[in-house]
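Report on the following structure.
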Amino acid sequence: MKCGNDAVGGIYNWRMRGECSHGLRAARALAEWQKREGRRNLPWQKGRDPYKIWLSEVMLQQTRAAAVVPYYRNFLARFPTVAALARAEEDEVMAQWSGLGYYRRAANLHRSAKLVAARGAFPRDWEALRALPGVGKSTAGAIAVFAFGERRAILDANAKRVLARLFAVGGAADSAAGERVLWRIAESVLPPREIIRPYTQGLMDLGATVCLRANPHCNRCPLAKYCRAHKTGAENEYPKKLPRKNKPSRQTAMALIVCGEKTLLQKREGKGVWRGLWSLPENADAETLRKQWRKLLPGLRKMPRRLILRHEFTHYKLTAEVLIFRAKQQPPGDWRWTAQKDLPQTALPSPIRKLLAADNGKGNAI
DNA sequence: AAGCCGGGGGT
DNA sequence: ACCCCAGGCTT
């Protein structure tokens, strides 16, 4: 049996028959490389506090490590323990997350913290981790490895890329079928527990610093001699991707309502983007929006100027016409009047934060 | 299986 | 412009 077969059966043979130690040697090479040349300055790599590992892994979902670092520090400074997080107000948790994106993660984290506090104990193994909302297979695997030293697989974007190249996986890595193949590979090539930590960290570090998406540095790769894609010079062919669809454009209208130093904000509920964040009142139709708020706030004056807010999400482009109003007073309601100085502690979406910063609370921005 | 959910940096 | 990132959940 030849090693490095791209059929999954070959990979099983690789380990189980033990006649060929290629797989284990590759894993050891990766672990050794990680200890020598892996990333070591990331703040969540210091200890083994399961809470901190969990927090980092959730923040790192679909988010580059460099972007996470400041959020991780600030979040931990404010919520140093899972108990502190469980006691916190939702708004404050979201405010700490503001700008990081995928806000459901923060809501799930908070919900999980309450579950953990109610139970009185943090999860101690993969199964219990996996039961937390927002912790899928890969995140549970990473936490189980780093916090508990369990022998579990991960399949983040780094591991996907490394394994897809190593075994020249033909299916699209972002398809369900491709993921199934990659999971089976990831689970079948796991080394013994004694090196599971540096091995797992090595997969991530290699993917992030050497096995790059475009033009990987195969000359510096400890796995090059085991890599099927490299053997044929086809590194850039992997991982295969599904063809991407084009983004639709959506139109909406928002109201920037200012009274003195304060701006009217509404908490977004429902199913769409930015759920749980404070934003400007919105309606798909500008005229409806104007009528609606003139009724809610008597004496509202519409300013002649208006802004155009453009923002791209992962799956659509948004163009918002921002109508500007001045209010005479600040009546209470299903909204909040927020002073300019309180914006930094407010859970705003990034584009709204930028808009309000540029506006500087005067309602006549840009 | 496909869609939804953010934002920013790299190319 | 287009790409993708320490993915998970809902439909």
Side-chain angles (χ1 to χ4, degrees), chain A residues 34 38-39 42-45 52-72 94 97-109 111-112 129-147 152-162 171-180 182-183 186 200-209 211-215 236 239 241-248 250 268 270-277 279 310-318 347-354:
Chain A
Q34 198 285 324
R39 296 176 291 182
L42 298 170
W44 46 86
Q45 293 178 316
K52 295 181 183 175
I53 306 278
W54 170 50
L55 173 65
S56 72
E57 291 302 333
V58 172
M59 283 190 164
L60 286 159
Q61 289 168 0
Q62 291 291 287
T63 310
R64 293 172 187 280
V68 166
V69 171
Y71 285 88
Y72 175 80
M94 300 309 282
W97 209 273
S98 171
L100 196 55
Y102 286 136
Y103 298 96
R104 188 82 58 88
R105 294 183 293 175
N108 283 336
L109 203 67
R111 193 149 64 94
S112 298
L129 289 165
R130 181 67 184 81
L132 296 176
V135 178
K137 283 182 69 177
S138 188
T139 300
I143 304 170
V145 167
F146 295 133
R152 293 284 181 172
I154 59 163
L155 195 61
D156 69 325
N158 293 308
K160 267 185 189 169
R161 193 164 51 252
V162 171
D174 48 355
S175 72
E179 284 208 352
R180 275 196 298 276
L182 286 166
W183 267 114
T200 303
Q201 188 65 54
L203 274 181
M204 294 171 166
D205 291 354
L206 194 71
T209 64
C211 195
L212 305 176
R213 179 170 59 81
N215 304 316
N236 287 324
K241 293 287 180 185
L242 254 22
R244 79 171 185 81
K245 316 186 170 177
N246 43 358
K247 290 186 193 184
R250 298 186 192 176
R268 292 178 67 99
K271 311 199 67 176
V273 294
W274 299 338
R275 187 173 77 178
L277 300 195
S279 185
R310 295 178 206 282
H311 186 68
E312 283 199 31
F313 293 98
T314 306
H315 46 297
Y316 64 93
K317 300 178 188 177
L318 182 70
L348 299 169
S350 274
I352 303 300
R353 186 178 299 287
K354 288 174 188 165

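Just so we're on the same page: letters track the sequence lines, and every chain starts at 1.
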At their closest point, which heavy atom of [X] faces which heavy atom of [Y], and how far apart are they?
{"X": "S279(A)", "Y": "R268(A)", "value": "CB-CD, 3.7 Å"}
{"X": "E179(A)", "Y": "L155(A)", "value": "O-CD2, 4.0 Å"}
{"X": "R39(A)", "Y": "Q34(A)", "value": "O-NE2, 3.7 Å"}

May I ask you to say what A67(A) touches in the nucleic acid, namely base, sugar-phosphate or nothing, with a heavy-atom cut-off under 4.0 Å?
nothing

Contact class for L203(A) vs. all strands (heavy atom < 4.0 Å): base, sugar-phosphate, or nothing?
nothing

Under a 3.5 Å distance rule, please check whether T63(A) uses its side chain to pair with a backbone N or O of Q61(A) as donor and acceptor.
yes

Among Q45(A), K52(A), E57(A), which one satisfies side-chain contact (heavy atoms from CB on, under 4.5 Å) with F146(A)?
E57(A)

Using atom [atom1] of each nucleotide, how far apart are [N] and [M] to the nearest Å?
{"N": "dA6(C)", "M": "dC4(B)", "atom1": "P", "value": "24 Å"}
{"N": "dG6(B)", "M": "dT11(C)", "atom1": "P", "value": "15 Å"}
{"N": "dG9(B)", "M": "dG8(C)", "atom1": "P", "value": "24 Å"}

Does W274(A) have a side-chain nitrogen or oxygen under 4.0 Å from the phosphate oxygens OP1 or OP2 of dG7(B)?
yes

Looking only at side-chain N and O atoms, does H315(A) come under 4.0 Å of OP1 or OP2 in dC5(B)?
yes

For L277(A) and L242(A), find the nucleotide of DNA chain B closest to each by heavy atoms; which residue's nucleotide sits nearer the 5' end?
L242(A)

Between N215(A) and K245(A), just flag the one whose closest nucleotide in DNA chain B comes earlier from the 5' side.
K245(A)

Applying side-chain hydrogen bond (donor to acceptor under 3.5 Å, both in side chains), name anything that partners K241(A), two or more places apart in sequence or on another chain.
none

Rounded to the Å, how far apart are [X] [atom1] and [N] [atom2]?
{"X": "N246(A)", "N": "dA1(C)", "atom1": "CG", "atom2": "P", "result": "14 Å"}
{"X": "R353(A)", "N": "dG8(B)", "atom1": "CZ", "atom2": "C1'", "result": "15 Å"}
{"X": "L318(A)", "N": "dG6(B)", "atom1": "CG", "atom2": "P", "result": "12 Å"}
{"X": "L212(A)", "N": "dG10(B)", "atom1": "CG", "atom2": "C1'", "result": "11 Å"}
{"X": "D174(A)", "N": "dC2(C)", "atom1": "CG", "atom2": "C1'", "result": "15 Å"}
{"X": "L348(A)", "N": "dG7(B)", "atom1": "CG", "atom2": "P", "result": "11 Å"}
{"X": "Y103(A)", "N": "dC5(B)", "atom1": "OH", "atom2": "P", "result": "13 Å"}
{"X": "E312(A)", "N": "dG9(B)", "atom1": "CD", "atom2": "P", "result": "15 Å"}

Before giving the answer on side-chain hydrogen bond (donor to acceptor under 3.5 Å, both in side chains), spell out for R111(A) and N108(A) the whole-Å C-alpha distance, their side-chain angles and the decisive distance to 0.1 Å.
CA-CA 5 Å; R111(A) 193 149 64 94; N108(A) 283 336; 3.3 Å; yes

In the 5'-to-3' direction, what one-character label does each nucleotide of nucleotides 4-11 of chain C receive under the scheme B = base within less than 4.0 Å of a protein heavy atom, S = sugar-phosphate only, - = no such atom?
BBBBSS-S

Should stems be defined as at least three consecutive Watson-Crick or G-U pairs with both distances under 3.5 angstrom, which of them involve DNA chain B?
B:1-5 with C:7-11, B:7-11 with C:1-5

Non-hydrogen side-chain atoms of I53(A) and I143(A) separated by less than 4.5 Å
yes

I'd like to check V69(A) versus W44(A) (side-chain heavy atoms, cut-off strictly below 4.5 Å). Are they in contact?
yes

Using the six-membered ring wherever Trp is involved, compare the ring planes of F313(A) and H311(A) and label them parallel, tilted or perpendicular (cut-offs 30° and 60°).
perpendicular

